[in-house]
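Keep in mind that what you see is a predicted model, and the values were worked out from it rather than measured.
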Amino acid sequence: PAAKSVTYLTARVAGGSTKGQVIVRGKAGVRPVLNITNTATALTLSQANWMAENFEIDQDGATGTGITASAAQITISNIKIVDAGTSGIALTSSSAIVTGCDIAGVGGDGISAAGSAAIVGNYIRDIVGDGIEITSTAPIIFVANNIIDSCVARGIYLSGAVNAGVNTVT
């Protein structure tokens, strides 16, 4: 049979400088859990000015990425990602902010950044790949105050960023 594509969350209104952000937010006081058991990426942020915050993604060892951010000016805050198959968070565009996230048990990299980004105050642990991999050659990559523990590969890997400033506890 043909491969299935499954969408778990969809927002049909694009954000922008005049319309404001599109926000996917967990209910205050609780942390809702999005449980994924197939090969899909749990959440794809593909429009500029999106914000995702205050929920949990549990992939139960599925092969997909927890969150893929493929548009500019994405903010990901206070998300817990457990058991993602490839990356916990994959940033494939520019001007992304990842802050206060808890990423554990990922089969690849905890956070991978291919564009300019700020990666601040995250707890990344028990990762098969790199805790944070920066493949970008963008002039602005800011990595600060992250706790990275028990990565099979490297804590932080600057494979493309020649001018990255790093201030991280590993």
Side-chain angles (χ1 to χ4, degrees), residues 1-15 21-115 117-136 143 146-153 157:
K4 286 186 167 182
S5 175
V6 180
T7 302
Y8 293 94
L9 295 172
T10 303
R12 302 212 181 267
V13 179
Q21 288 183 311
V22 174
I23 300 174
V24 179
R25 177 180 292 143
K27 184 178 177 182
V30 296
R31 182 179 277 194
V33 177
L34 179 62
N35 189 271
I36 309 297
T37 58
N38 65 16
T39 60
T41 293
L43 180 61
T44 299
L45 306 173
S46 59
Q47 298 294 319
N49 298 306
W50 275 60
M51 175 182 232
E53 67 178 3
N54 196 34
F55 58 91
E56 180 175 336
I57 295 172
D58 182 355
Q59 287 193 285
D60 286 334
T63 58
T65 297
I67 297 175
T68 297
S70 60
Q73 299 172 341
I74 300 291
T75 301
I76 300 168
S77 177
N78 192 30
I79 305 284
K80 182 175 183 179
I81 298 174
V82 182
D83 294 335
T86 53
S87 290
I89 298 173
L91 308 172
T92 61
S93 192
S94 63
S95 303
I97 298 170
V98 180
T99 182
C101 293
D102 182 352
I103 302 170
V106 174
D109 298 328
I111 299 173
S112 62
I119 302 169
V120 180
N122 300 288
Y123 182 29
I124 303 167
R125 64 190 188 288
D126 303 323
I127 305 295
V128 172
D130 301 312
I132 298 172
E133 181 179 13
I134 300 171
T135 60
S136 174
V143 178
N146 296 284
I147 298 172
I148 301 171
D149 183 26
S150 300
C151 297
V152 173
Y157 181 39

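- Minimum heavy-atom separation, Asn146 to Gly121: OD1-N, 3.4 Å.
- When all heavy atoms are compared, the tightest approach of Asp83 to Gln59 is O-CB, 3.4 Å.
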Handout entry: Worked check of side-chain contact (heavy atoms from CB on, under 4.5 Å) between Ile81 and Ile89
Key = CA-CA 8 Å; Ile81 298 174; Ile89 298 173; 3.5 Å; yes
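- Thr99 places a side-chain N or O within 3.5 Å of a backbone atom of Val120 that can act as its donor or acceptor partner.
- Looking only at side-chain heavy atoms (C-beta outward), Ile67 and Thr41 stay at 4.5 Å or farther from each other.
- Looking at heavy atoms from C-beta onward, Ile124 lies out of side-chain contact with Ile147 at the 4.5 angstrom threshold.
- The only member of Leu45, Ile74, Ile76 that meets side-chain contact (heavy atoms from CB on, under 4.5 Å) when paired with Leu91 is Ile76.
- Of all heavy-atom pairs between Cys151 and Gly129, the closest is CB-O, 3.7 Å.
- Contacts of Ser87 classified as side-chain contact (heavy atoms from CB on, under 4.5 Å), with partners at least two apart in sequence or in another chain: Thr65, Ala90, Asp109, Ser112.
- The nearest pair of heavy atoms linking Ala48 to Ala71 is N-CB, 3.5 Å.
- Between the side chain of Thr135 and the backbone N or O of Ala113, at least one donor-acceptor pair lies under 3.5 Å.
- Residues Val24 and Trp50 approach most closely at CG2-CZ3, 3.7 Å, considering heavy atoms.
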Exercise for the section: Please step through side-chain contact (heavy atoms from CB on, under 4.5 Å) for the pair Ile132 and Tyr157, ending with a clear verdict. Expected result: CA-CA 6 Å; Ile132 298 172; Tyr157 181 39; over 6 Å; no
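- For the pair Ile103 and Ile111, the minimum side-chain heavy-atom distance is below 4.5 Å.
- Judged as a side chain to side chain donor-acceptor pair (under 3.5 Å), and not counting sequence neighbours, the contacts of Asn54 are Asn78.
- In this structure a side-chain-to-backbone donor-acceptor pair under 3.5 Å is missing from Asp130 to Gly110.
- Side-chain contact check for Ile127 versus Val152: every heavy-atom pair is 4.5 Å or farther apart.
- Looking at Ser93, its side chain never comes within 3.5 Å of a backbone N or O of Ala69 through a donor-acceptor pair.
- Although no hydrogens or angles enter the test, the distance criterion places no donor-acceptor pair under 3.5 Å between the side chain of Asp149 and the main chain of Arg125.
- Once rounded to the nearest 0.5 Å, the distance linking SG of Cys101 with NZ of Lys80 reads 12.0 Å.
- Judged by distance alone, the side chains of Asn35 and Asp60 do bring a donor and an acceptor atom under 3.5 Å apart.
- Smallest separation of non-hydrogen atoms from Leu43 and Ala52: CD2-CB, 4.1 Å.
- Between Thr86 and Thr63, the closest side-chain pair of non-hydrogen atoms is not below 4.5 Å.
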